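Read through the structure below, which is laid out as structure tokens, and then see the notes.
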2 protein chains.
Amino acid sequence: MNDTTPEELETALAAAAAAARPLAALRPAQRAAMLRAAADALDAAEGDLVPLAMRESSLPEPRLTGEVARSSGQLRLFADMLEDGSYLEAVIDTADPDATPSRPDLRRMLVPLGPVLVFAASNFPFAFSVPGGDTASALAAGAPVVVKAHPGHPELSRRTGDVLAAALRKAGAPDGTLTVVHGTAAGTAALTDPRIKAAAFTGSERGGRALLDIAASRPDPIPFYGELGSLNPVFVTPAALAARGEEIADGYVASFTLGTGQFCTKPGLLFLPEGHGLEQRLADLVADVAPAAMLGERIREGHAEERDRLAGLGAVRTVAVGGAGAADRVPATLLATTAEELLADPDPLLQECFGPTSILVEYSGADEMVAAAEAFGGNLTATVHAEESDDVVPPLLDRLRERAGRILFNGWPTGVAVTSAMHHGGPWPATTASVHTSVGTTAVRRFLRPVCYQDAPQSALPEALADHNVLGVPRRVDGSLTGEDLA
Amino acid sequence: MNDTTPEELETALAAAAAAARPLAALRPAQRAAMLRAAADALDAAEGDLVPLAMRESSLPEPRLTGEVARSSGQLRLFADMLEDGSYLEAVIDTADPDATPSRPDLRRMLVPLGPVLVFAASNFPFAFSVPGGDTASALAAGAPVVVKAHPGHPELSRRTGDVLAAALRKAGAPDGTLTVVHGTAAGTAALTDPRIKAAAFTGSERGGRALLDIAASRPDPIPFYGELGSLNPVFVTPAALAARGEEIADGYVASFTLGTGQFCTKPGLLFLPEGHGLEQRLADLVADVAPAAMLGERIREGHAEERDRLAGLGAVRTVAVGGAGAADRVPATLLATTAEELLADPDPLLQECFGPTSILVEYSGADEMVAAAEAFGGNLTATVHAEESDDVVPPLLDRLRERAGRILFNGWPTGVAVTSAMHHGGPWPATTASVHTSVGTTAVRRFLRPVCYQDAPQSALPEALADHNVLGVPRRVDGSLTGEDLA
């Protein structure tokens with residue numbers, strides 16, 4: 001796949017800019033129909049797209065068909081949200097001439113920011129790529145999308161983009177609603193272009209930081225919503241160990257090796273009380289994990305380099321390495337250290353190793369575990385395995401709530417349910433914008449901004465704010481939520 | 001007032017960091033009581049504080065007593081919001097083991113970001129300073145606040161800080177909930193301190209840009225919510241001119257000279273159709289405006305410099321200058337140009353001149369007015385004076401909606417009602433973060449981030465998410481909004 005030329009990029013950006021106003025002018029229900037059409041087209045193209053994705057990403061078929069379903073489901077979730085209309089956050093405060101000072105008629109709603117640039121991820125060729133959550137939420141907001149394809153699956157990106165763009169167009173979307181571009185130069189140029197009003201990114205901390213710096217240093221800085229990676233620590237209390245130690249060992253190895261460890265929610269560290277007695281079981285489990293292909297050569301090399309750096313630290317020993325395979329197959333690796341070592345020098349240990357490697361951390365008491373929790377920066381998730389009676393849970397939770405976007409109990413962080421209550425985000429460096437999420441319906445807020453109309457005549461108001469509530473949108477009118485017309 | 005020393009700053013930051021967890025742990029109703037106590041204390045201290053504010057800001061007494069009322073009212077508005085509880089955005093999706101993939105129990109709410117640094121403004125010694133909207137919304141969120149005082153009213157800032165901190169402490173707030181610091185060095189050092197998790201600012205584009213760059217270049221970038229200024233253009237159609245020309249002239253001069261033009265919503269440009277016939281009336285009105293003191297010497301000099309730069313442009317002529325007064329009194333100034341000149345070279349004209357100066361822009365037809373609207377960057381407000389029959393309004397509104405946070409009809413932008421529907425914000429350079437507002441209850445969102453609990457036992461959940469809804473918080477449970485307990 002050739003990189004997008006500057007001329008092609010100009011065409012894409014001009015088309016996105018031209019689409020912004022007509023796309024914003026569509027009724028929410030019309031955009032919902034567009035999203036459903038895109039979802040249907042994606043499902044219909046599964047037979048075409050999945051083999052392409054298998055070839056380009058080395059991911060297995062069931063995982064990829066699952067991802068297509070997740071992505072089309074996500075498009076439909078945003079369609080439902082559009083039809084519900086509460087995402088517009090319509091608020092009407094009618095005039096009060098008797099207030100001091102007298103209060104005008106004020107009507108507020110959210111409107112799209114304008115064209116959004118989406119940097120696709122490598123590890124989810126559908127769900128965090130061209131048809132992924134960033135694209136779905138931006139389109140739902142009414143923002144045209146320019147996707148910068150991930151170089152790991154360029155042909156899939158092109159074909160998926162064609163499928164979606166054709167479906168959107170057929171459903172009434174203006175040309176330029178969705179375009180896919182290729183190459184680092186095109187991505188960077190688009191990020192600095194004044195027609196782009198926001199960007200979203202899923203990838204490495206290094207890559208995300210570089211792009212954030214570009215977005216922030218524009219003459220007109222724009223929001224940059226980056227999800228940059230996470231260590232996802234798991235804390236096991238002595239009581240949980242006693243109650244379910246073997247089950248925890250099994251779940252841990254399954255979770256950190258799932259998808260060859262290529263999830264942003266992979267558990268990177270497991271805290272166990274010293275004397276846990278699980279090491280042999282963990283070693284056996286890891287040895288039994290079949291070596292597997294990673295997404296691409298660069299990612300495989302990056303994993304090997306980081307794994308070897310961790311294994312080479314004086315504080316770290318290697319517990320087990322999975323069985324051998326072909327040269328491009330990567331064995332699972334379990335490393336170990338102690339909380340004491342981690343607390344003495346946290347930085348070298350608290351680095352994400354993207355791939356099937358994780359670190360067992362033995363701690364000597366509740367205080368040390370809580371102190372270790374405090375050594376972490378921001379994370380997408382943190383997990384607690386505990387029993388109801390555990391006294392350590394409240395102080396541990398205090399630390400984790402300040403550091404993680406999602407806190408799990410007695411489970412594993414891989415797997416992100418797409419529901420309204422989900423939060424996929426967290427303080428830096430998990431994300432660049434911890435007040436937002438990239439999964440779930442409130443992801444749409446990243447691409448919307450409020451506008452308030454003061455004393456506007458009915459003819460000048462958007463439909464969602466007019467007295468006659470033709471859209472049936474829920475509105476907070478003088479403090480009360482209603483879908484009715486104004487009296 | 002001496003600048004805060006590094007040692008004093010360290011004490012303030014350490015106290016704010018130590019206050020974060022206990023403050024976050026308070027029930028919303030407890031924080032509401034704190035805010036009401038702060039509001040009552042502010043009102044009670046009015047007799048002390050207003051004379052100090054008059055001396056330091058040169059603003060007249062009625063304006064300042066009004067500002068105290070506005071500020072205490074704002075604290076109480078956030079208290080109401082806390083008692084309502086919907087700001088927590090609690091969402092509960094109960095487990096669905098039959099879903100594919102099976103769905104865990106997910107419960108999401110908003111939690112405070114941690115200590116917030118507030119850079120106070122010069123032009124509102126109360127409402128955008130120590131007891132202002134940024135402070136009120138951060139405290140409401142449950143975030144400790146360090147206010148960097150504006151050097152224009154240092155003694156007032158110190159005294160107001162003392163009044164508020166004492167009231168907060170008495171109402172049960174932890175020490176370190178509110179501190180005031182002084183000096184550029186302290187402000188910059190605080191902005192780079194890892195204990196500060198967000199910053200808010202109201203001031204100039206130059207100052208805001210410099211601080212934004214510092215916040216964005218931290219090893220752990222933090223959100224920087226800056227309100228940097230605005231031109232607030234006003235567009236008058238021929239029909240409105242015919243119907244209400246003299247009233248418009250009167251309202252315009254009153255608005256741009258109100259408070260000696262020291263409002264971020266001051267109308268900086270008035271677009272009138274050529275041959276409007278109002279020039280003599282406008283000149284007479286401006287000549288009648290009494291010269292007035294500005295907030296301080298630096299602001300007075302900045303205004304003079306920018307006014308003289310504008311007046312010196314080849315495209316600009318001076319229509320009228322207000323009467324003379326003492327050397328430190330500033331006359332109102334009305335300049336004029338044409339839309340044709342503006343479109344030929346917009347940048348030199350489209351710069352904020354903070355003070356009682358505004359520019360009349362004559363346009364030759366509807367297309368030219370719409371084109372001129374398109375030349376603007378982001379603004380806090382844009383105003384339209386039109387009649388119902390005006391065909392130019394829809395295309396004009398399309399442009400203004402993309403550029404302004406608040407769109408007014410047949411009124412004047414000075415004066416910002418504090419209600420739920422208000423939006424005070426706008427695209428860059430009006431603000432650094434157009435998805436947020438600095439006035440109104442949703443300002444609290446700037447200092448909150450989501451956390452999701454997955455499969456948490458009841459004992460580990462925050463009260464707002466437990467089955468027993470002891471707080472009576474509105475929650476979206478499996479899609480339906482309810483304040484009831486879970487069955």
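Nothing here was measured: the structure is a model prediction, and the numbers come from that model.
A distance-only check finds no donor-acceptor pair linking the side chain of Arg446(B) to the backbone of Val435(A) [under 3.5 Å].
Minimum interatomic distance between Ala417(A) and Arg103(B) (heavy atoms only, all atoms of both residues): CB-CG, 4.1 Å. Of all heavy-atom pairs spanning Ala216(A) and Ala216(B), the tightest one is CB-CB, 3.8 Å. The two residues Arg449(A) and Arg403(B) make their nearest non-hydrogen contact at NH2-N, 3.8 Å.
Only the backbone of Arg218(B) has a heavy atom closer than 4.5 Å to any heavy atom of chain A. Proximity to chain A involves both the backbone and the side chain of Arg401(B), based on heavy atoms less than 4.5 angstrom apart. For Leu113(B), the part lying near chain A is the side chain, with the backbone staying farther off; criterion is any non-hydrogen pair under 4.5 Å. Contacts of Val111(B) with chain A are made by side-chain atoms alone, with heavy-atom separations under 4.5 Å and no backbone atom involved. Of the atoms belonging to Leu448(B), it is backbone heavy atoms, and not side-chain ones, that fall under 4.5 Å from chain A. Contacts between Ser102(A) and chain B at a heavy-atom distance below 4.5 Å are absent for every atom of the residue. Pro429(B) does not touch chain A: none of its heavy atoms, backbone or side chain, sits under 4.5 Å away. Heavy-atom distances place both the backbone and the side chain of Pro457(A) under 4.5 Å from chain B. Only the backbone of Ala404(B) comes within contact range of chain A, with at least one heavy atom under 4.5 Å from a heavy atom of that chain. Only the side chain of Thr442(B) comes within contact range of chain A, with at least one heavy atom under 4.5 Å from a heavy atom of that chain. Heavy atoms of Glu402(A) lying under 4.5 Å from chain B belong to its backbone as well as its side chain. Residue contact with chain A, scored on non-hydrogen atoms closer than 4.5 Å, is absent for Ile222(B). Neither the backbone nor the side chain of Arg70(B) has a heavy atom closer than 4.5 Å to any heavy atom of chain A.
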Exercise. What's the verdict on side-chain contact (heavy atoms from CB on, under 4.5 Å) for Asn410(A) and Asp455(B), showing C-alpha distance, side-chain angles and the deciding distance?
Worked result: CA-CA 8 Å; Asn410(A) 303 334; Asp455(B) 290 332; over 6 Å; no
Exercise. Going through the checks in order, is the side-chain contact (heavy atoms from CB on, under 4.5 Å) test met by His423(B) and Gln454(A)?
Worked result: CA-CA 10 Å; His423(B) 176 54; Gln454(A) 179 167 330; over 6 Å; no
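For the set Ala460(A), Pro104(A), Gly479(A), Ala69(A), the count of heavy-atom pairs under 4.5 angstrom toward chain B peaks at Ala460(A). With chain B as the partner, the residue from Gly425(A), Ala433(A), Pro427(A) showing the most heavy-atom pairs under 4.5 Å is Pro427(A). Of the listed residues Ala198(B), Gly426(B), Pro462(B), Ser434(B), the one with more heavy-atom pairs under 4.5 angstrom with chain A than any other is Ser434(B). Comparing Gly378(A), Gly411(A), Pro219(A), Gly66(A) by how many heavy-atom pairs each has under 4.5 Å with chain B, the most go to Pro219(A). Between chain A and the options Pro221(B), Ala386(B), Ser420(B), heavy-atom pairs under 4.5 Å are most frequent for Pro221(B). When each of Gln458(B), Met422(B), Met109(B), Arg209(B) is checked for heavy-atom pairs under 4.5 Å with chain A, Arg209(B) comes out on top. Interface check for chain A: of the options Gly405(B), Ala24(B), Ala215(B), Pro413(B), the most heavy-atom pairs under 4.5 Å are formed by Gly405(B). Interface remark: of the candidates Val393(A), Asp398(A), Leu110(A), Asp398(A) forms the most heavy-atom pairs closer than 4.5 Å to chain B. Per-residue heavy-atom pair counts under 4.5 Å with chain A were compared for Arg107(B), Glu388(B), Arg476(B), His436(B), and the maximum is reached by Glu388(B).
Side-chain contact check for Thr437(B) and Arg108(A): no donor-acceptor pair (N or O, by modelled atom type) lies under 3.5 Å.
The aromatic rings of Tyr453(A) and Phe409(B) sit parallel to each other, their planes meeting at less than 30°, with 60° as the upper class boundary.
Checking Asp96(A), Asp478(A), Asp93(A) one by one against Thr419(B), the side-chain hydrogen bond (donor to acceptor under 3.5 Å, both in side chains) holds for a single residue, Asp93(A).
Within a 6.0 Å sphere centred on CG of Asp213(B), other residues, nucleotides and ligands contribute more than 12 heavy atoms.
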